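Keep in mind that what you see is a predicted model, and the values were worked out from it rather than measured.
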Amino acid sequence: MANAVGLLAGYALDRVLGDPRRWHPVAGFGQAAGALERRLYRPDRTAGTAFTALAVGGPVLLGAVAAAATRHRPVTRAVLVAAGTWTVLGGRTLRHEATVMGRTLRDGDLPAARRRLGHLCGRDPSTLGESELARATVESVAENTSDAVVAPLLWGAVAGLPGLLGYRAANTLDAMVGHRSTRYARFGTPAARLDDALNLVPSRLTGLLTIAVAPVAHGDRQRAWQVWRRDRNDHPSPNAGQCEAAMAGALGVRLGGRNVYFGRSEVRPFLGDGPRPEARHLKRAARISGAVGLAAVGLAAAYPLTLGRLVGAVSRRALIGAVGRRRPADAVGGRGLAGVAGGVGVRRGSGR
């Protein structure tokens, strides 16, 4: 119950207040991770694995200690989960950036829109026109609805504070070192793979929720479903295509194409049918993102009280059954080292 209340409260704080304007904990984590990278960096995957394990393991351990310390203090636990949820979510900021970009494009201010794109993604905006700026925004909103909203809520529901903090740490590392570049070609691979693994389920849930809420932005569920099923696996990322294909279908636009970054370019397959995005599509994309967030927090808050209890009960029963099956073997004759160790273990447990 404390986790469920904390997730709802944290989501409400993000919905109303957005990201903290100063002293953002994620920014502080990024600075600490940058310092750790400078100490551990070598152009190989072994160093990247050590870096990822330490940078992600620290927040997970911190969350686990806090969860254990508040095990019998539900109010304190709920406050901590709320604070952690508010810290790791970015839904309001994402929708705000999409809305501002749409307004700037409608005003015809391309220089301002190009400057604004850096708040959403790492593409080189210097030569982009309205359509490409709008496409980049729609794709970023689609993908980051999973990364910054659905995935944190899902991991918070499943694993509480350790899940919230560990997921955000892994996702931040992916943004720092997981991209393709000469420096991070091997060092950043472990962080990128971890982020991919953690987003496998959230990205697919995001796609399905996008389809479900498509009508809030005058979208067609049937068309979104068809595009998602057809195009979701065409994207080079195992996760981004799930979100982008569903958004393309919901908006009735075509995403994908050539993306120019600083020093490199990539050609992505087309996702969806119809015209290229325009400024008018950005408000609809933001509306869909907000509706997906509301659906996701409902599912996340329900999980600890429903499926989470069932999983916990099954796990406890399996553990009790495993202990029960071991006892006869431990007690047979008391012969050998295994018998002695087993007998001591049983006696210690029953004597406390």
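Under a hydrophobic clustering in which Ile, Leu, Val, Met, Phe, Trp and Tyr are joined whenever their side-chain heavy atoms come within less than 4.5 Å, directly or via other members, L120 and L110 fall into the same cluster. Using a 4.5 Å cut-off between side-chain heavy atoms of Ile, Leu, Val, Met, Phe, Trp and Tyr, with links allowed through other members, L198 and L208 fall into different hydrophobic clusters. With hydrophobic clusters built from ILVMFWY side chains whose heavy atoms lie under 4.5 angstrom apart, Y41 shares a cluster with V177. No single ILVMFWY cluster, assembled from side-chain heavy atoms under 4.5 Å apart, contains both V297 and Y303. Cluster annotation: L117 and V138 are assigned to the same hydrophobic cluster (Ile/Leu/Val/Met/Phe/Trp/Tyr, side-chain heavy-atom contacts under 4.5 Å, transitive).
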Checking T189 against Y184 for the side-chain contact (heavy atoms from CB on, under 4.5 Å) test, could you report, in this order, the C-alpha distance in whole Å, the side-chain angles of both residues, the deciding distance, and whether it holds? CA-CA 7 Å; T189 297; Y184 297 127; over 6 Å; no
Apply side chain to side chain donor-acceptor pair (under 3.5 Å) to residues N239 and S237 and explain how you reach the verdict. CA-CA 5 Å; N239 300 316; S237 164; 5.0 Å; no
Applying side chain to side chain donor-acceptor pair (under 3.5 Å), run through H218 and R284 and close with a yes or a no. CA-CA 8 Å; H218 309 293; R284 293 174 60 199; over 6 Å; no
Report the C-alpha separation of R71 and R77 in whole Å, then their side-chain angles, then the decisive distance to 0.1 Å, and conclude whether the side-chain contact (heavy atoms from CB on, under 4.5 Å) test is met. CA-CA 7 Å; R71 184 176 181 181; R77 167 77 68 85; 4.3 Å; yes
Using the rule given for side-chain contact (heavy atoms from CB on, under 4.5 Å), can you reason through L299 versus L205, listing the C-alpha separation, both sets of side-chain angles and the distance that settles it, and then say yes or no? CA-CA 11 Å; L299 293 174; L205 178 59; 4.3 Å; yes
Determine, stepwise, if the pair R92 / E97 fulfils side-chain contact (heavy atoms from CB on, under 4.5 Å). CA-CA 9 Å; R92 179 183 173 90; E97 290 298 329; over 6 Å; no
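In terms of heavy-atom proximity, L255 sits nearest to P277 at CD2-CG, 3.6 Å. Between A279 and A134 the shortest heavy-atom distance is N-CB, 4.3 Å. Nearest heavy atoms, T52 versus A191: OG1-N, 3.5 Å. When all heavy atoms of F29 and P59 are compared, the closest pair comes out as CE1-CG, 3.8 Å. When all heavy atoms of A224 and A246 are compared, the closest pair comes out as CB-O, 4.1 Å. Annotation for A248 and L271: closest pair CB-O, 3.6 Å, computed over non-hydrogen atoms.
Inter-residue side-chain proximity for E37 and F187 is flagged as met; some heavy-atom pair is nearer than 4.5 Å. Proximity of T85 to P152: side-chain heavy atoms (C-beta onward) are nowhere separated by under 4.5 Å. Inter-residue side-chain proximity for L89 and L153 is flagged as met; some heavy-atom pair is nearer than 4.5 Å. Side-chain contact between V260 and R123: absent, with no pair of heavy atoms (C-beta onward) separated by less than 4.5 Å. In this structure, R45 and R186 have side chains that are in contact, with non-hydrogen atoms separated by less than 4.5 Å. In this structure the side chain of T70 never reaches within 4.5 angstrom of the side chain of V79, judged on heavy atoms. At a threshold of 4.5 Å between non-hydrogen side-chain atoms, the residues H24 and T87 count as touching. The shortest distance between side-chain heavy atoms of Q242 and E143 does not fall below 4.5 Å.
Atom SG of C243 and atom CG of N144 lie 9.0 Å apart (nearest 0.5 Å). In this structure, R39 CZ and F51 CZ are separated by 13.0 Å, a value rounded to the nearest 0.5 Å. L164 CG to R168 CZ: the interatomic distance, rounded to the nearest 0.5 Å, is 10.0 Å. Taken from CG in N171 to CG in L194, the straight-line distance is 10.0 Å, to the nearest 0.5 Å. Within the model, atoms CG of L161 and CG of N3 stand 7.0 Å from one another, a figure rounded to the nearest 0.5 Å. Distance OG1/T99 to NE2/H96: 8.0 Å, rounded to 0.5 Å.
Proximity of a side-chain donor or acceptor of R221 to a complementary backbone N or O of A212 within less than 3.5 Å is detected. Y167 places a side-chain N or O within 3.5 Å of a backbone atom of D147 that can act as its donor or acceptor partner. S140 contributes no side-chain N or O that, together with a main-chain N or O of T137, makes up a donor-acceptor pair within less than 3.5 Å. No donor-acceptor distance shorter than 3.5 angstrom exists from the side chain of S265 to the backbone of Y261, with no hydrogens or angles considered. A donor-acceptor contact shorter than 3.5 Å links the side chain of Y11 to the backbone of L294. The main-chain N or O of G91 is found under 3.5 Å from a side-chain atom of D14 such that the two form a donor-acceptor pair. Within the 3.5 Å criterion, the main-chain N or O of D195 finds a donor-acceptor partner in the side chain of N199. The backbone N or O of P202 sits nowhere less than 3.5 Å from a side-chain atom of W155 that would complete a donor-acceptor pair. No side-chain donor-acceptor contact under 3.5 Å links R230 to the backbone of W225. Judged by distance alone, the side chain of R254 and the main-chain N or O of P275 form no donor-acceptor pair under 3.5 Å.
Pairs passing the salt bridge (charged side-chain N to carboxylate O under 4.0 Å, His left out) check and including a residue from residues 100-115, sequence neighbours excluded, do not occur.
In this structure, R276 is not positioned above the aromatic face of F270 in the sense of NZ or CZ being under 6.0 Å from the six-membered ring centre and within 45° of the axis.
Few gaps surround CZ on R183; more than 12 heavy atoms of other groups in view lie less than 6.0 Å from it.
For the pair R258 and E266, the salt-bridge criterion is not met [side-chain N within less than 4.0 Å of a carboxylate O].
The salt bridge (charged side-chain N to carboxylate O under 4.0 Å, His left out) test applied to R280 returns E278, not counting sequence neighbours. Evaluation of the salt bridge (charged side-chain N to carboxylate O under 4.0 Å, His left out) rule for R135 yields E132, E139 as partners, not counting sequence neighbours.
Checking I211, V216, T210 one by one against V292, the side chain to side chain contact (heavy atoms under 4.5 Å, CB included) holds for a single residue, T210.
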